[in-house]
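The structure under discussion appears below in the form of structure tokens.
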Amino acid sequence: MTIFRLRNTKMIFHNELQPGSFCQLEEMVVEDCDELLAIFSSTMVGVFNYLQEHVDRQGQGIRSFQNLRKLRVSRCESLKNLFPASIAKHLQQLDDLSIRSCGVEEIVSEGEGVGEQPVRFEFPKVSSLLVENLKKLKCFYKGQHTIVWPMLKELSTDCSALLMIVGLEDVRIQETKGKGEAVLLVEEVPKVFPNLQQLELRDISDVDQFPPDLFHHVKVFKVEGGYHGGSFSIFSFLRRSYNLESLEIFSFNFEDVIVYKEVIGTLSPIKNLKLDSSINLKHIWRKDSEFGHIIYNLQTLRVWFCDDFLNIGASSVSFRNLTTLEVSYCKMMINVVTPSVVENLVQLTAMRVIHCIEMTEIVANEGDYHQTIVVSKLKCLLLSNLQSLTSFCSGSYTFNFPCLENVVVAMCPKLKIFSEGVLSTPQLQRVIKQETYYQNEYWTGDLNTTIQQLCTKKGGSNGLPNLTISDTFSNLIEIWKRNPQKFLELQNLIKMEFYKCSSLKYIFTLSMLLSLDHLGTIKVKECSIMEQVIREDEEEATTHEFTFPKLSCISHVPT
């Protein structure tokens, strides 16, 4: 059930809803209902409570909404609560609960027929919970209560709402119910969500209010700072999270880098680090910062949209376990690493550098460096949208890439050569040049010469391109048909591959074939609705004869 943009609707369900109504309902989504006051009306709840007292004795229950698995509510400004206690206590199948940008003051209301006795809320199957942008939220439930989320694995919220979700709205003050404040009956806090694995928090300034053992099982921590400083809170959290593997930091101001002078033994061995849209962060590593103490076990590093970022700035022993390095949209970067650092990336298998407008080289030219730089395990290198890039390295260094198999270059207009020094790439057999709608393959025997040819579009038959079209680029055929003059460079195609093009019914029209004299191979794989290789132009009524002088192979692999 989806209810969307009913701007004047104040109530969803009729007050006289019968027991067992909507017992098969599994998903409910409510969005942009500005005047909605309640999803479940108080009168309807009162009826349910009365029936429950009589029917539950026979083991039957009221059965309404018993199969509800997903409930998502967003942008309902007049909504004051999500559901009453009598409904909340019986959502045994609920798996996905989301509420955002609403006027909600409490998640669960008392409703009618609820006595003074303490209430225990247990959501036995909820695995994903999102509570976001509830500016008027005061408590989870006003009465005495405890909360348990035994199967919760993914939680996204902010610190103030988290206090309520955990059941710690004001546990330190313990106000009485007579004053209208929430009263908590505190259980062992670690049991509130014992299986939580992914936690996403906005505004972590209050993280120290939580018990130190609350986050023991968290493996993935995503934090958003809103460009406020928060280094202290981040590292305070890390020291509590013994099983943490992945850390994502979004929208932080690192102007005040925390200098840690105590013993660092309790910091989590982070394997994956992503830094996104943060400012005043120039280097990942600095010997007196806490970052320097969490990167030694790092396997994946991604830096996105960090405008002040200059380079990873690692010491000779940092990043020795790094397998994937990705830098994207960092407009101040002119290089990624120094020669000594890249040589110490002994586990690195993939490097991607994307849309860094000032990047001139990947490995910095630091003058004399006489030893051979061996990048022992690098297999994949992607260079994309680097408008200032002139080479991988401008220094006359000797590079050895014993495992390099894939080099992809896209929109690097100033790239003229890979490296000025001696270069060894024994496994490399192609360089892929990506265009807007397709990609070509080039190879002339060595990487430097291939890069030169790729940029100048010169060369003999060895430089004739291969074209691979996947579902992402399947609209190329239609564009090619309408604008054949824009695709003159395809006249030298020797090989075309089509892979998982789910919307492609044919490959060529007759007019597209006129210049494909070099085409030798056509391969079609897992294109589920492909009907024809060649389709007649709609305006053509005459019969034509075409010759493929070099076509030697047509293969089709069905879905």
**OP:** Show your working on side-chain hydrogen bond (donor to acceptor under 3.5 Å, both in side chains) between K377 and Q347 and close with a plain yes or no.
**Re:** CA-CA 6 Å; K377 293 189 177 181; Q347 299 297 327; 3.0 Å; yes
Please list, one pair per line, the donor and acceptor atoms closer than 3.5 Å that link side chains of residues 351-362 to other protein atoms, with sequence neighbours excluded.
residue, atom, partner, partner atom, Å
R352, NE, E326, OE1, 2.9
R352, NH2, E326, OE1, 3.2
T360, OG1, I334, O, 3.4
E361, OE1, S394, N, 2.9
E361, OE1, S394, OG, 2.7
E361, OE2, N365, N, 3.1

**OP:** Could you give me the CA-CA distance, side-chain angles and deciding distance for V337 and N311, then say whether side chain to side chain contact (heavy atoms under 4.5 Å, CB included) is met?
**Re:** CA-CA 6 Å; V337 290; N311 55 53; over 6 Å; no
**OP:** List for me each residue that meets salt bridge (Lys or Arg N to Asp or Glu O under 4.0 Å) alongside E343, sequence neighbours excluded, and say none if there are none.
**Re:** none
**OP:** List for me each residue that meets ring-ring contact (aromatic ring centres under 6.0 Å, His included) alongside F392, sequence neighbours excluded, and say none if there are none.
**Re:** F399, F401, F418
**OP:** Using side-chain hydrogen bond (donor to acceptor under 3.5 Å, both in side chains) as the criterion, list what pairs up with N385, not counting sequence neighbours.
**Re:** none
Original post:
Hey, does the side chain of N297 reach the backbone of K271 with a donor-acceptor pair shorter than 3.5 angstrom?
Top reply: no
**OP:** Please identify each residue that fulfils side-chain hydrogen bond (donor to acceptor under 3.5 Å, both in side chains) with D308, with sequence neighbours left out.
**Re:** none
**OP:** Would you please name every residue forming a side chain to side chain contact (heavy atoms under 4.5 Å, CB included) with P402, sequence neighbours left out?
**Re:** V374, N400
**OP:** Would you please name every residue forming a side-chain hydrogen bond (donor to acceptor under 3.5 Å, both in side chains) with D95, sequence neighbours left out?
**Re:** S127
Original post:
Taking only residues two or more places apart in sequence or in another chain, which ones pass salt bridge (Lys or Arg N to Asp or Glu O under 4.0 Å) with R72?
Top reply: D96
**OP:** Would you please name every residue forming a side-chain hydrogen bond (donor to acceptor under 3.5 Å, both in side chains) with S246, sequence neighbours left out?
**Re:** N272
Subject >> Sequence neighbours excluded, every pair satisfying salt bridge (Lys or Arg N to Asp or Glu O under 4.0 Å) that has a member inside residues 378-395 >> reply: none
Subject >> Under-4.0 Å salt bridge between K523 and E497 >> reply: no
**OP:** Can you sort out the partners of T449 under side chain to side chain contact (heavy atoms under 4.5 Å, CB included), two or more places apart, ordered by chain and number?
**Re:** T444, D446
Subject >> Given N448, I417, V363, the one that forms side-chain contact (heavy atoms from CB on, under 4.5 Å) with S391 >> reply: I417
**OP:** Applying salt bridge (Lys or Arg N to Asp or Glu O under 4.0 Å), name anything that partners E132, two or more places apart in sequence or on another chain.
**Re:** R100, R202
